[in-house]
Amino acid sequence: MTYKKNYKLEHRNSWENVKIDVDGVEIEKNIHCIDVPSIEIIKENIEFEHVLTSEEAYDYIIKKYKDEEDQHNEVKKQYEEEIKKYNEEILPKLIEEAKEKAIEDINRKKEEEEKKKERELQKQYLEKDKIDWINQHGSDYFKRAIANGFDCQRKYVIERAAKEFPDFIVDFDDSAEWNSRSCPSEKALYEMITLKEKGYNANVVWLTRLPNGYDDYDYYDIDPCEAVVIRSYLGSYDLIKTYCE
């Protein structure tokens, strides 16, 4: 028994490392390549009914070799045509897509780094602003607590909001709920406009629930009413002033 090689043109998917130029910087990218031509060899077992003579074996080997060579040359011709098409049409598109993705990744990382820097600068600014405000307006107790490493963030926000916006309450846990207000009252509208002119992110809303645990009480529902909301007070908190009758 012996075997015969059969050649077949196949199309496969594979992952390949390619080098991509992005603004003069060479980046290695592992891309998913589709429809890659390849030649597959399939071995076919051949059994003889009797033991071959030397002449029969010689004739068989010559014929087998020629058949395999002819078939291989035919498949190789098809392969060369397919690989040329792949290299000229398919692969450049895949590389271009990978380049676009690489640029997106680079831009996203830059954006994330910039946002991270902005958040850090904002954090530093808010911390300095906090210390400055406590030094100027805080009680002796408060100053000592901060000086000894206690955060006291909740007390700080409540005390500062009470001085700067005495008619507003602080939503620490983002638990208050409201809907949009279709037509505000004259009083609420003017207050919103005044706050916006001072640079605050203010709006008139239809309040449906007060914050949780404000002033050491459990949350409580209210009859829906008009309210003015200041968003991102001290970078993180919502302030709410109700106009409930």
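Model, not experiment: these values are computed from the prediction. Start at 1 with the first residue, then count along the sequence.
- Closest approach of Arg231 to Trp178, counting heavy atoms only: NH1-CZ2, 3.8 Å.
- Both the sub-6.0 Å distance and the 45° axial angle are not jointly satisfied by Lys76 relative to the ring of Tyr7.
- Of all the heavy atoms in Ile146 and Ile134, the pair that sits closest is CG1-CD1, 3.6 Å.
- Side-chain contact between Phe150 and Lys155 is absent, with no heavy atoms from C-beta onward closer than 4.5 Å.
- Each of Gln71, Lys64, Lys66 was compared with Glu68 under the side chain to side chain donor-acceptor pair (under 3.5 Å) criterion, and only Lys64 meets it.
- At a threshold of 4.5 Å between non-hydrogen side-chain atoms, the residues His50 and Glu56 count as touching.
- When side chains are defined from C-beta on, Glu164 does not count as touching Ile230, because their heavy atoms never get closer than 4.5 Å.
- Arg181 places a side-chain heavy atom less than 4.5 Å from the side chain of Glu226.
- The closest donor-acceptor contact from the side chain of Glu16 to the backbone of Cys33 lies at 3.5 Å or more, if one exists at all.
- A salt bridge does not link Lys101 to Glu97: none of the charged side-chain nitrogens sits closer than 4.0 Å to a carboxylate oxygen.
- Contact check for Lys130 versus Asp151: side-chain heavy atoms found under the 4.5 Å cut-off.
- Taking the six-membered ring for Trp and thresholds of 30 and 60 degrees, Trp15 and His32 have nearly parallel ring planes, at less than 30 degrees apart.
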